[in-house]
Amino acid sequence: MHSNLPLKGKTLLLTGTAKTASIIDDITALGGYAVMAPLIETCERINSDDTEYIRLARQMDWLIFTSQNAVDAFASKMQQHQVSVQDFQGNIASIGTKTTTALEQLGFQVSFMPSIFSADIFVKEFPSIAGHQPRCLFIRGEKAKSTLKDGLPFELKEWTVYETVERHDQTSIIVNCIQQHQDVTVIFASPSAVDVYAKDVVPYVSWQATRIAAIGHITEAALQQYGATVEIMPSVYTMQAVIEEIMKVGDKS
């Protein structure tokens, strides 16, 4: 019975946005107990110059998306400004399978996705043509790092379409979960969630009280800066890959 329930006895605490809630059914089916405690949420940013950016986007050689949140906000702006997929003639670049899936559901065809879902790998692998300076627009959130802008060998225009808001109402849920369960793995998918956890939760329960899992080496680095030991960091940067790694480890002593 236990072999068919590889997460039996394990509690997985998810700190990302509510979009990750769809994974809860998968965790439950594997015998685990999932707790959703989003430390961040996103909301669309309405800019006075959105009309100009829509016009600019339609002229670009490349539109670059690094998150599903950016795709969702961009889709909202398309609807507001009454433009369709056919109005954008450029190529689409995406980081991550969920980002790519969201783009394809809108009707876009993704032309480039890096082998590892990270901005620094994107910079290394992004296709270039000698003598050609592509016109690129990065569709981003306000907390996006400057990795693409600093690393790509040409001018990168940026359009901020969503904001990340810290949630400080989850502290008691997280602390109670950790105190009431023996084998807890806290899953982080962004440095923003790590920052909130460090400020709000760590004063009550230490990093050592749980197993720590990270999606992506940028999130892993953020955790390490706080002194947290990252026990789980899969080579594929997805929630499913994290769960597969958690299934392999023994109980948290």
Do [X] and [Y] meet the criterion of a side-chain donor-acceptor pair at a distance under 3.5 Å?
{"X": "His168", "Y": "Glu166", "result": "yes"}
{"X": "Asn47", "Y": "Asp50", "result": "yes"}
{"X": "Asp120", "Y": "Ser118", "result": "yes"}
{"X": "Ser172", "Y": "Asn176", "result": "no"}

Report yes if the side chains of [X] and [Y] come closer than 4.5 Å at any heavy-atom pair, otherwise no.
{"X": "Phe112", "Y": "Pro127", "value": "yes"}
{"X": "Thr229", "Y": "Ile212", "value": "no"}
{"X": "Thr97", "Y": "Phe117", "value": "yes"}
{"X": "Thr160", "Y": "Arg140", "value": "yes"}

Taking the ring of Tyr197 and the ring of Trp207, is the distance between their centroids below 6.0 Å? yes
Please confirm whether Tyr53 and Phe74 have ring centers closer than 6.0 angstrom. no
Look at the side-chain heavy atoms of Ile, Leu, Val, Met, Phe, Trp and Tyr, link any pair under 4.5 Å apart, and say whether Met78 and Leu63 land in one connected group. yes
Anything under 30° is parallel, anything over 60° is perpendicular, the rest tilted; go ahead and classify His181 against Tyr33. parallel
